[in-house]
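Numbering of ligands and ligand atoms starts at 1, following listing order.
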Amino acid sequence: MAERVEIVEMAPRDGLQNEVRFIATSDKIALVDALSDVGFTRIEVASFVSPKWVPQMADGAAVLAGITRRPGTRYAALTPNLRGVEAALAAGVDEVAIFASASEGFSRANLNCSIAESLERFAPVVEAAQAALVPVRGYVSMVTDCPFEGAIAPDRVAQVVAALRDLGCYEVSLGDTIGQGRPETVTAMLNAVLNQMPSERLAGHFHDTAGRALDNIEASLALGLRVFDAAAGGLGGCPYAPGAAGNVATEKVAARLMALGYETGLDPAALARAAALARAMKGGSHV
Ligand code: HMG
Ligand code: MG
């Protein structure tokens with residue numbers, strides 16, 4: 001039997017957060033419902049962040065209230081602070097994610113605080129989620145390159161991964177936020193990170209700015225990673241990361257994984273429909 005690789009779907013959150021035009025809540029719900037038909041185990045559907053920082057994500061509670069939940073799919077949201085996790089839990093999320101950076105410059109730009117301060121702030125977030133029996137995923141951004149600091153040393157990434165592990169994250173997703181990683185830099189970064197966390201608890205999160213995301217996924221597969229984030233239609237970017245284009249497209253990742261002999265458990269026809277819907281929602285972005 002073919003080995004399973006999981007794709008975690010990002011379009012409703014990482015995909016839409018960068019869109020300048022406000023997308024109606026009903027359209028966001030329709031996208032999540034179309035993605036639910038594809039058979040993902042996890043879909044990130046919202047962010048409970050400051051609406052002053054990311055206005056597009058202000059309707060997270062309404063999105064969660066409006067979707068039709070597919071049994072077997074976990075619906076997740078980003079939570080930067082205690083206020084965020086309390087709102088996410090009240091909205092009925094199945095899991096939450098905290099998000100740190102390997103670069104001080106991006107930590108300031110994205111969270112308005114240092115890396116150390118962000119980790120301190122995440123401790124009560126994890127506590128609140130765990131008290132509600134809700135699992136916490138961690139992200140590290142700028143794992144190879146940063147628009148503010150240039151190349152990022154692999155040890156810095158490993159340190160943040162270790163901190164997120166110690167806080168209680170069941171998995172850490174490694175973000176090439178601006179899509180400038182190369183198989184060599186991704187491999188060097190992973191070799192450092194694997195000293196802190198086993199491959200079964202790591203995910204790759206590649207943006208496709210330079211068209212190297214699939215190569216970077218293959219480099220990660222070679223080191224044992226079996227979970228990858230992607231966005232249907234290649235939607236995405238981060239409003240606080242200049243140069244961050246879309247997440248690698250889910251349909252491209254699924255096709256490459258199939259060609260490599262892995263199975264994803266996704267329905268290709270439903271994925272094509274969801275990807276078309278996602279692409280139709282794409283207007284202007286912040287980059
Ligand atoms: P701040 O301005 O330092 O904090 O922002 P604050 O406490 O002064 O809050 C500012 C205002 O927001 C206040 O409102 C708060 O009440 C409110 P005011 O008093 O001025 O009326 N506020 C909130 N409202 C709703 N929900 C909340 C919340 N928190 C505060 N949870 C803060 C600090 C962390 C809040 C801000 O920097 C923020 O929201 N940042 C999030 C930015 C973001 O979402 N970025 C994109 C996601 S990360 C990403 O895309 C990377 C990833 O994909 C991986 C990769 O690619 O690398 C994950
Ligand atoms: Mg991202």
Side-chain angles (χ1 to χ4, degrees), residues 8-19 44-61 76-91 93 96-103 105-115 117-122 124-125 128 136-148 152 157 160-161 164 169 171-181 186 189 203-209 213 216 228-231 234-250 285-287:
V8 181
E9 177 55 41
M10 292 284 134
R13 195 281 302 171
D14 208 1
L16 295 184
Q17 71 182 12
N18 206 34
E19 288 295 314
E44 202 163 81
V45 296
S47 296
F48 289 86
V49 299
S50 167
K52 291 192 171 146
W53 283 64
V54 187
Q56 185 65 259
M57 293 284 105
D59 57 351
L78 291 191
T79 53
N81 52 20
L82 192 55
R83 178 161 171 197
V85 74
E86 281 168 354
L89 292 173
V93 287
V96 298
I98 54 178
F99 47 108
S101 169
S103 95
F106 182 63
S107 188
R108 287 256 162 241
N110 197 44
L111 293 167
N112 201 23
C113 64
S114 69
I115 298 169
E117 284 163 341
S118 76
L119 294 168
E120 263 170 49
R121 202 183 278 172
F122 292 143
V125 176
V136 182
R137 191 181 202 222
Y139 283 99
V140 183
S141 287
M142 307 298 174
V143 295
T144 57
D145 301 84
C146 170
F148 307 106
I152 299 295
V157 184
V160 181
V161 168
L164 292 173
C169 294
E171 178 180 275
V172 174
S173 175
L174 301 161
D176 177 11
T177 321
I178 55 167
Q180 295 301 323
V186 168
M189 178 275 295
H205 177 110
F206 295 104
H207 287 254
D208 208 13
T209 320
N216 293 334
F228 296 97
D229 299 347
L235 246 52
C238 175
Y240 294 101
N247 289 81
V248 64
T250 307
S285 68
H286 288 277
V287 288

Legend entry - For ligand 1, the portion of Val143 having any non-hydrogen atom under 4.0 Å away: neither
Legend entry - Subset of ligand 1 atoms that lie under 4.0 Å from at least one heavy atom of Gly84: 31 (N)
Inset, instruction - Report the part of Glu117 (side chain from C-beta onward, or backbone N, CA, C, O) that has a heavy atom under 4.0 Å from ligand 1; answer both or neither where that applies. - result: neither
Legend entry - Identity of the N, O or S atom of His207 lying closest to the Mg ion (ligand 2): NE2
Legend entry - ligand 1 contact by Arg13, heavy-atom criterion under 4.0 angstrom: yes
Inset, instruction - Nearest 0.5 Å please: distance from the CG atom of Asn247 over to the CZ atom of Phe228. - result: 14.0 Å
Legend entry - Leu78 side chain reached by Met57 side chain, heavy atoms, under 4.5 Å: no
Inset, instruction - Measure from NZ or CZ of Arg137 to the centre of the six-membered ring of Tyr139 and say whether it is under 6.0 Å with the direction within 45° of the ring axis. - result: yes
Inset, instruction - Report yes or no: does Pro51 have a heavy atom closer than 4.0 Å to ligand 1? - result: yes
Legend entry - Heavy-atom side-chain contact between Val8 and Glu44 under 4.5 Å: no
Inset, instruction - Check Asp14 and report its N/O/S atom nearest to the Mg ion (ligand 2), by atom name. - result: OD2
Inset, instruction - Specify side chain, backbone, both or neither for Arg121, according to which of its non-hydrogen atoms lie closer than 4.0 Å to ligand 1. - result: side chain
Legend entry - atom 2 (O) of ligand 1 within contact range, any protein heavy atom under 4.0 Å: yes
Legend entry - Side-chain touch Val160/Ile115, heavy atoms, less than 4.5 angstrom: yes
Legend entry - Sub-4.0 Å protein heavy atom near atom 43 (C) of ligand 1: yes
Inset, instruction - Just let me know how Thr177 lines up against ligand 1, side chain, backbone, both or neither, with a heavy-atom cut-off below 4.0 Å. - result: both
Inset, instruction - State whether any protein heavy atom lies less than 4.0 Å from atom 57 (O) of ligand 1. - result: yes
Legend entry - Per-residue contact class, Ser47 against ligand 1 - non-hydrogen pairs under 4.0 Å: neither
Legend entry - For ligand 1, the portion of Met57 having any non-hydrogen atom under 4.0 Å away: neither
Legend entry - 4.0 Å heavy-atom contact, His207 with ligand 1: yes
Legend entry - Nearest-neighbour protein heavy atom for atom 15 (C) of ligand 1, which is reported as residue plus atom name and distance: Arg83 NH1, 3.5 Å
Inset, instruction - Indicate if the distance from the Mg ion (ligand 2) to the nearest N, O or S atom of Asp229 falls below 2.8 Å. - result: no
Legend entry - Heavy atom of protein inside 4.0 Å of atom 39 (O) of ligand 1, strictly below: yes
Inset, instruction - Give a yes-or-no answer on whether the side chains of Gln180 and Thr209 include a donor-acceptor pair shorter than 3.5 Å. - result: no
Inset, instruction - Tell me which protein heavy atom sits closest to atom 21 (O) of ligand 1, plus the residue, atom name and distance to 0.1 Å. - result: Lys52 NZ, 2.8 Å
Legend entry - Where ligand 1 meets Ser141 - atom numbers and elements under 4.0 angstrom, heavy-atom basis: 51 (C), 54 (C), 55 (C), 57 (O)
Inset, instruction - With the side chain counted from C-beta on, respond yes when Ile98 and Thr79 share a heavy-atom pair under 4.5 Å apart, and no when they do not. - result: yes
Legend entry - atom 26 (N) of ligand 1 protein-contacted, heavy-atom criterion under 4.0 angstrom: yes
Legend entry - Where ligand 1 meets Asn112 - atom numbers and elements under 4.0 angstrom, heavy-atom basis: 1 (P), 2 (O), 3 (O)
Legend entry - ligand 1-proximal atoms of Asn110, by part, heavy-atom distance under 4.0 Å: both
Inset, instruction - Would you kindly specify which portion of Asp176 sits under 4.0 Å from ligand 1, judged on non-hydrogen atoms: side chain, backbone, both or neither? - result: neither
